[in-house]
Amino acid sequence: MLQEVSGQLRGVTMQLHPPILADLGLALALDFLVEEAQRTASARVRLERETAEDGARAPADVELAAFRIAQEALTNAIRHSAARVIVVQALVRPAEVRVSITDDGVGLDRVATSEALVRGHVGLRSMSERAGVVGGELLIDDARPGTRVTFRWPA
Amino acid sequence: MIDVLVVEDHPIFVDGLRSSIDAEPDMRVAGVAGSLAQARDWLARERSTVTIVDVHLPDGSGFDLVDHAIATRWMLLSSSGTSQYVEATLFKGAAGYFLKTTPPTRLVPAIRIIAAGGTAFDPELMSRPSVAGRWHPLSERERAILEQLGTGRSNDEIGVALGIANKTVETHVSRLLARFGCMTRTELVGRAEREGWLRLPGR
(Lines give C-alpha, C1' and ligand atoms only; values in the text may rest on other atoms or scores of the structure.)
Protein backbone atom coordinates (compact mmCIF):
# COMPACT_ATOMS: atom_id res chain seq x y z
CA MET A 1 0.00 0.00 0.00
CA LEU A 2 2.63 2.52 1.09
CA GLN A 3 4.82 1.37 -1.71
CA GLU A 4 2.03 2.03 -4.14
CA VAL A 5 1.32 5.52 -2.79
CA SER A 6 4.90 6.65 -2.89
CA GLY A 7 5.22 5.14 -6.34
CA GLN A 8 2.33 7.23 -7.57
CA LEU A 9 3.46 10.43 -5.92
CA ARG A 10 6.93 9.77 -7.30
CA GLY A 11 5.35 9.35 -10.72
CA VAL A 12 4.04 12.88 -10.51
CA THR A 13 7.39 14.06 -9.18
CA MET A 14 9.14 12.80 -12.25
CA GLN A 15 7.42 15.37 -14.42
CA LEU A 16 9.53 18.49 -14.51
CA HIS A 17 6.60 20.85 -14.88
CA PRO A 18 3.34 19.21 -13.96
CA PRO A 19 0.83 20.33 -16.62
CA ILE A 20 -1.93 20.88 -14.08
CA LEU A 21 0.19 23.49 -12.30
CA ALA A 22 0.84 25.39 -15.53
CA ASP A 23 -2.78 25.08 -16.64
CA LEU A 24 -4.67 25.78 -13.44
CA GLY A 25 -2.28 27.33 -10.92
CA LEU A 26 -1.14 26.29 -7.46
CA ALA A 27 -4.46 26.06 -5.60
CA LEU A 28 -6.09 23.59 -8.01
CA ALA A 29 -2.83 21.70 -8.53
CA LEU A 30 -2.69 21.12 -4.77
CA ASP A 31 -6.33 20.07 -4.87
CA PHE A 32 -5.32 17.46 -7.46
CA LEU A 33 -2.39 16.28 -5.34
CA VAL A 34 -4.61 15.91 -2.27
CA GLU A 35 -7.28 14.10 -4.28
CA GLU A 36 -4.68 11.60 -5.50
CA ALA A 37 -3.45 11.09 -1.94
CA GLN A 38 -7.04 10.62 -0.70
CA ARG A 39 -7.52 7.85 -3.21
CA THR A 40 -4.47 5.91 -2.13
CA ALA A 41 -3.19 6.84 1.35
CA SER A 42 -4.47 5.17 4.50
CA ALA A 43 -4.36 8.51 6.36
CA ARG A 44 -7.20 10.99 5.88
CA VAL A 45 -5.88 13.80 3.77
CA ARG A 46 -7.67 17.09 3.33
CA LEU A 47 -7.05 20.49 1.83
CA GLU A 48 -8.03 23.93 3.08
CA ARG A 49 -7.39 26.59 0.51
CA GLU A 50 -7.80 30.29 0.16
CA THR A 51 -7.18 32.15 -3.08
CA ALA A 52 -7.48 35.66 -4.47
CA GLU A 53 -11.09 36.60 -5.37
CA ASP A 54 -10.28 36.66 -9.07
CA GLY A 55 -8.06 33.57 -8.88
CA ALA A 56 -4.97 35.66 -9.71
CA ARG A 57 -1.83 33.56 -9.57
CA ALA A 58 1.56 33.87 -7.90
CA PRO A 59 4.80 33.95 -9.98
CA ALA A 60 5.40 30.66 -11.82
CA ASP A 61 8.70 29.84 -10.07
CA VAL A 62 7.13 30.39 -6.63
CA GLU A 63 4.13 28.23 -7.52
CA LEU A 64 6.44 25.46 -8.73
CA ALA A 65 8.58 25.59 -5.57
CA ALA A 66 5.46 25.53 -3.37
CA PHE A 67 3.99 22.62 -5.31
CA ARG A 68 7.20 20.56 -5.16
CA ILE A 69 7.62 21.19 -1.45
CA ALA A 70 3.99 20.24 -0.79
CA GLN A 71 4.44 17.08 -2.83
CA GLU A 72 7.60 16.08 -0.99
CA ALA A 73 6.19 16.92 2.45
CA LEU A 74 2.99 15.01 1.69
CA THR A 75 4.98 12.00 0.50
CA ASN A 76 7.09 12.12 3.68
CA ALA A 77 4.02 12.37 5.90
CA ILE A 78 2.36 9.42 4.15
CA ARG A 79 5.47 7.22 4.10
CA HIS A 80 7.16 8.00 7.40
CA SER A 81 4.87 9.65 9.93
CA ALA A 82 2.19 6.96 10.43
CA ALA A 83 -0.26 9.87 10.59
CA ARG A 84 -4.01 9.38 10.81
CA VAL A 85 -4.81 12.83 9.51
CA ILE A 86 -2.81 15.06 7.17
CA VAL A 87 -3.99 18.61 6.49
CA VAL A 88 -2.69 20.70 3.62
CA GLN A 89 -3.38 24.40 4.01
CA ALA A 90 -2.75 26.79 1.16
CA LEU A 91 -3.05 30.51 0.74
CA VAL A 92 -2.33 31.69 -2.78
CA ARG A 93 -2.26 35.36 -3.72
CA PRO A 94 -0.19 37.21 -6.34
CA ALA A 95 2.19 38.61 -3.70
CA GLU A 96 1.88 36.03 -0.94
CA VAL A 97 1.98 32.25 -0.82
CA ARG A 98 1.80 30.01 2.22
CA VAL A 99 1.50 26.24 2.06
CA SER A 100 1.68 24.04 5.12
CA ILE A 101 1.45 20.29 5.53
CA THR A 102 0.51 19.18 9.03
CA ASP A 103 0.35 15.58 10.15
CA ASP A 104 -0.57 14.01 13.50
CA GLY A 105 2.08 11.29 13.16
CA VAL A 106 5.16 10.26 15.08
CA GLY A 107 6.94 13.61 14.79
CA LEU A 108 10.13 14.54 13.04
CA ASP A 109 12.48 13.37 15.80
CA ARG A 110 11.33 9.84 15.27
CA VAL A 111 11.42 10.14 11.51
CA ALA A 112 14.80 11.83 11.59
CA THR A 113 16.40 8.97 13.42
CA SER A 114 14.96 6.51 10.99
CA GLU A 115 16.95 5.19 8.14
CA ALA A 116 14.96 7.34 5.77
CA LEU A 117 16.72 10.54 6.71
CA VAL A 118 20.11 8.87 6.73
CA ARG A 119 19.50 7.86 3.17
CA GLY A 120 18.40 11.38 2.38
CA HIS A 121 14.87 10.48 1.39
CA VAL A 122 13.17 12.99 3.60
CA GLY A 123 14.86 15.71 1.63
CA LEU A 124 14.33 18.60 4.04
CA ARG A 125 17.51 20.25 2.88
CA SER A 126 16.52 20.19 -0.75
CA MET A 127 13.09 21.54 0.15
CA SER A 128 14.67 24.35 2.10
CA GLU A 129 17.04 25.17 -0.75
CA ARG A 130 14.16 25.16 -3.20
CA ALA A 131 12.30 27.65 -1.01
CA GLY A 132 15.36 29.89 -0.72
CA VAL A 133 16.01 30.02 -4.46
CA VAL A 134 12.65 31.72 -5.12
CA GLY A 135 12.97 34.10 -2.17
CA GLY A 136 10.87 32.09 0.25
CA GLU A 137 11.63 30.00 3.31
CA LEU A 138 10.86 26.62 4.80
CA LEU A 139 9.72 26.30 8.40
CA ILE A 140 9.59 23.03 10.29
CA ASP A 141 7.49 22.88 13.45
CA ASP A 142 6.69 20.30 16.02
CA ALA A 143 2.93 20.06 15.67
CA ARG A 144 2.58 17.98 18.89
CA PRO A 145 1.87 15.30 17.95
CA GLY A 146 3.24 15.26 14.45
CA THR A 147 5.00 17.68 12.20
CA ARG A 148 4.19 20.81 10.28
CA VAL A 149 6.19 21.83 7.23
CA THR A 150 5.47 25.33 5.95
CA PHE A 151 6.59 27.10 2.81
CA ARG A 152 6.28 30.86 3.04
CA TRP A 153 6.87 33.43 0.33
CA PRO A 154 8.22 36.01 0.54
CA ALA A 155 10.55 34.91 3.35
CA MET B 1 -24.19 32.91 -38.17
CA ILE B 2 -22.08 31.60 -35.28
CA ASP B 3 -18.53 32.88 -35.70
CA VAL B 4 -15.99 30.66 -33.99
CA LEU B 5 -12.44 31.59 -33.02
CA VAL B 6 -10.29 28.51 -32.50
CA VAL B 7 -7.29 29.02 -30.20
CA GLU B 8 -5.18 25.91 -30.71
CA ASP B 9 -1.58 25.24 -31.70
CA HIS B 10 -2.02 21.79 -33.25
CA PRO B 11 -2.77 22.20 -36.97
CA ILE B 12 -4.27 18.73 -37.35
CA PHE B 13 -6.73 19.32 -34.55
CA VAL B 14 -7.63 22.72 -36.04
CA ASP B 15 -8.23 21.11 -39.45
CA GLY B 16 -10.54 18.49 -37.99
CA LEU B 17 -12.52 21.05 -36.04
CA ARG B 18 -12.69 23.39 -39.00
CA SER B 19 -14.11 20.80 -41.35
CA SER B 20 -16.82 19.82 -38.85
CA ILE B 21 -17.77 23.42 -38.07
CA ASP B 22 -17.67 24.66 -41.67
CA ALA B 23 -19.89 21.74 -42.73
CA GLU B 24 -22.72 23.23 -40.63
CA PRO B 25 -24.95 25.82 -42.30
CA ASP B 26 -25.18 28.06 -39.22
CA MET B 27 -21.55 28.27 -38.10
CA ARG B 28 -18.09 28.93 -39.44
CA VAL B 29 -14.50 29.22 -38.25
CA ALA B 30 -13.92 32.97 -38.32
CA GLY B 31 -10.36 32.82 -37.08
CA VAL B 32 -7.57 30.59 -35.81
CA ALA B 33 -4.92 31.62 -33.28
CA GLY B 34 -1.97 29.45 -32.28
CA SER B 35 -1.13 31.17 -29.00
CA LEU B 36 -2.54 33.42 -26.27
CA ALA B 37 -0.81 36.41 -27.85
CA GLN B 38 -2.30 35.73 -31.29
CA ALA B 39 -5.73 35.19 -29.75
CA ARG B 40 -5.57 38.49 -27.86
CA ASP B 41 -4.57 40.27 -31.09
CA TRP B 42 -7.42 38.67 -33.00
CA LEU B 43 -9.99 39.46 -30.31
CA ALA B 44 -8.85 43.08 -30.19
CA ARG B 45 -9.61 43.41 -33.90
CA GLU B 46 -12.52 41.08 -34.54
CA ARG B 47 -15.46 39.38 -32.89
CA SER B 48 -16.38 35.77 -32.33
CA THR B 49 -19.63 34.38 -30.98
CA VAL B 50 -17.82 31.44 -29.40
CA THR B 51 -14.10 31.15 -28.64
CA ILE B 52 -12.79 27.61 -28.36
CA VAL B 53 -9.56 27.56 -26.35
CA ASP B 54 -7.10 24.73 -25.85
CA VAL B 55 -5.96 24.93 -22.22
CA HIS B 56 -2.40 23.97 -23.11
CA LEU B 57 -0.88 26.69 -25.30
CA PRO B 58 2.77 27.48 -26.05
CA ASP B 59 2.72 30.80 -24.17
CA GLY B 60 0.59 29.84 -21.18
CA SER B 61 -2.72 28.55 -19.92
CA GLY B 62 -5.87 28.95 -21.99
CA PHE B 63 -7.70 29.80 -18.76
CA ASP B 64 -5.74 33.05 -18.64
CA LEU B 65 -7.37 34.12 -21.89
CA VAL B 66 -10.88 33.99 -20.42
CA ASP B 67 -11.81 37.62 -19.91
CA HIS B 68 -15.36 38.80 -19.37
CA ALA B 69 -14.57 42.22 -20.80
CA ILE B 70 -14.48 40.49 -24.19
CA ALA B 71 -17.87 39.87 -25.79
CA THR B 72 -17.57 36.19 -26.62
CA ARG B 73 -18.61 32.88 -25.04
CA TRP B 74 -15.72 30.72 -23.84
CA MET B 75 -15.37 26.99 -24.38
CA LEU B 76 -12.26 25.23 -23.04
CA LEU B 77 -10.68 22.08 -24.40
CA SER B 78 -7.90 19.93 -23.00
CA SER B 79 -6.78 16.34 -22.87
CA SER B 80 -7.11 16.25 -19.09
CA GLY B 81 -10.16 14.64 -17.52
CA THR B 82 -9.34 15.55 -13.92
CA SER B 83 -12.08 17.29 -11.99
CA GLN B 84 -9.98 20.38 -11.25
CA TYR B 85 -10.26 21.44 -14.92
CA VAL B 86 -14.03 21.49 -14.63
CA GLU B 87 -13.74 23.46 -11.40
CA ALA B 88 -11.45 25.99 -13.08
CA THR B 89 -13.96 26.33 -15.93
CA LEU B 90 -16.79 27.02 -13.50
CA PHE B 91 -14.63 29.38 -11.44
CA LYS B 92 -13.65 31.38 -14.53
CA GLY B 93 -17.28 31.56 -15.59
CA ALA B 94 -16.57 29.93 -18.95
CA ALA B 95 -19.50 28.24 -20.71
CA GLY B 96 -18.07 24.82 -21.44
CA TYR B 97 -15.32 22.25 -21.04
CA PHE B 98 -14.63 19.31 -23.34
CA LEU B 99 -11.96 16.67 -23.73
CA LYS B 100 -9.96 16.90 -26.93
CA THR B 101 -10.89 13.29 -27.63
CA THR B 102 -14.57 14.27 -27.92
CA PRO B 103 -15.78 13.60 -31.46
CA PRO B 104 -16.62 16.77 -33.43
CA THR B 105 -20.17 15.46 -33.85
CA ARG B 106 -20.58 16.17 -30.12
CA LEU B 107 -18.73 19.48 -30.20
CA VAL B 108 -20.94 21.00 -32.89
CA PRO B 109 -24.20 20.89 -30.89
CA ALA B 110 -22.28 22.10 -27.82
CA ILE B 111 -21.05 25.12 -29.78
CA ARG B 112 -24.67 25.87 -30.72
CA ILE B 113 -25.81 25.64 -27.07
CA ILE B 114 -22.99 27.88 -25.89
CA ALA B 115 -23.61 30.42 -28.68
CA ALA B 116 -27.23 30.62 -27.51
CA GLY B 117 -26.08 31.53 -23.99
CA GLY B 118 -26.12 28.08 -22.43
CA THR B 119 -23.43 25.90 -20.92
CA ALA B 120 -22.17 22.53 -22.11
CA PHE B 121 -19.83 20.02 -20.50
CA ASP B 122 -18.37 16.80 -21.79
CA PRO B 123 -20.90 14.07 -20.96
CA GLU B 124 -18.09 11.50 -20.75
CA LEU B 125 -16.44 13.63 -18.09
CA MET B 126 -19.61 14.38 -16.16
CA SER B 127 -20.19 10.67 -15.62
CA ARG B 128 -17.01 10.44 -13.54
CA PRO B 129 -17.88 10.67 -9.84
CA SER B 130 -14.99 12.97 -8.94
CA VAL B 131 -16.20 15.48 -11.51
CA ALA B 132 -19.91 15.01 -10.90
CA GLY B 133 -19.38 15.71 -7.20
CA ARG B 134 -18.16 19.17 -8.00
CA TRP B 135 -20.75 19.94 -10.56
CA HIS B 136 -24.11 18.70 -9.32
CA PRO B 137 -25.93 21.46 -7.55
CA LEU B 138 -27.42 20.75 -4.15
CA SER B 139 -31.06 19.72 -3.93
CA GLU B 140 -33.60 21.97 -2.19
CA ARG B 141 -33.64 19.57 0.74
CA GLU B 142 -29.84 19.51 1.03
CA ARG B 143 -29.77 23.27 0.94
CA ALA B 144 -32.42 23.50 3.66
CA ILE B 145 -30.45 21.08 5.84
CA LEU B 146 -27.26 23.06 5.28
CA GLU B 147 -29.02 26.22 6.38
CA GLN B 148 -30.26 24.48 9.52
CA LEU B 149 -26.74 23.19 10.22
CA GLY B 150 -25.52 26.76 9.87
CA THR B 151 -27.69 27.78 12.81
CA GLY B 152 -26.06 25.08 14.93
CA ARG B 153 -29.12 22.82 15.26
CA SER B 154 -28.94 19.12 16.09
CA ASN B 155 -30.31 16.38 13.83
CA ASP B 156 -33.40 16.12 16.06
CA GLU B 157 -34.06 19.84 15.87
CA ILE B 158 -33.54 19.87 12.10
CA GLY B 159 -35.92 16.93 11.73
CA VAL B 160 -38.61 18.80 13.66
CA ALA B 161 -38.02 22.07 11.78
CA LEU B 162 -38.24 20.42 8.35
CA GLY B 163 -40.84 17.83 9.31
CA ILE B 164 -38.69 14.82 8.39
CA ALA B 165 -37.40 11.82 10.31
CA ASN B 166 -34.24 12.05 12.36
CA LYS B 167 -32.82 9.15 10.35
CA THR B 168 -33.40 11.03 7.09
CA VAL B 169 -31.57 14.06 8.44
CA GLU B 170 -28.69 11.78 9.43
CA THR B 171 -28.49 10.32 5.91
CA HIS B 172 -28.52 13.77 4.32
CA VAL B 173 -25.84 15.07 6.67
CA SER B 174 -23.50 12.17 5.97
CA ARG B 175 -24.02 12.63 2.22
CA LEU B 176 -23.27 16.33 2.55
CA LEU B 177 -20.12 15.56 4.53
CA ALA B 178 -18.98 13.23 1.76
CA ARG B 179 -19.89 15.69 -0.99
CA PHE B 180 -17.89 18.49 0.57
CA GLY B 181 -15.10 16.18 1.74
CA CYS B 182 -15.49 17.23 5.38
CA MET B 183 -15.25 15.34 8.63
CA THR B 184 -17.23 17.54 11.00
CA ARG B 185 -20.45 19.55 10.81
CA THR B 186 -18.58 22.74 11.69
CA GLU B 187 -16.16 22.15 8.87
CA LEU B 188 -19.07 21.42 6.54
CA VAL B 189 -20.82 24.68 7.38
CA GLY B 190 -17.57 26.60 6.93
CA ARG B 191 -16.85 25.03 3.58
CA ALA B 192 -20.41 25.38 2.30
CA GLU B 193 -20.37 29.02 3.28
CA ARG B 194 -17.04 29.65 1.56
CA GLU B 195 -18.37 28.07 -1.61
CA GLY B 196 -21.43 30.28 -1.46
CA TRP B 197 -24.06 27.64 -0.64
CA LEU B 198 -25.37 29.46 2.38
CA ARG B 199 -25.20 32.78 4.08
CA LEU B 200 -24.72 32.68 7.81
CA PRO B 201 -26.90 35.05 9.85
CA GLY B 202 -25.34 38.47 10.24
CA ARG B 203 -23.18 38.31 7.12
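Throughout, a chain's letter reflects where its sequence line sits, starting with A, and its residues are numbered from 1.
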Output for pair (A:L28 CG, B:F91 CZ), nearest 0.5 Å, gives 8.5 Å
Rounded to the nearest 0.5 Å, how far does CG of A:L24 lie from OH of B:Y85?
4.5 Å
What are the two closest heavy atoms between A:A22 and B:S61, and how far apart are they?
O-CB, 3.5 Å
Got more than 12 heavy atoms from elsewhere within 6.0 Å of CZ, B:R40?
yes
I'd like to check B:T82 versus A:E35 (side-chain heavy atoms, cut-off strictly below 4.5 Å). Are they in contact?
no
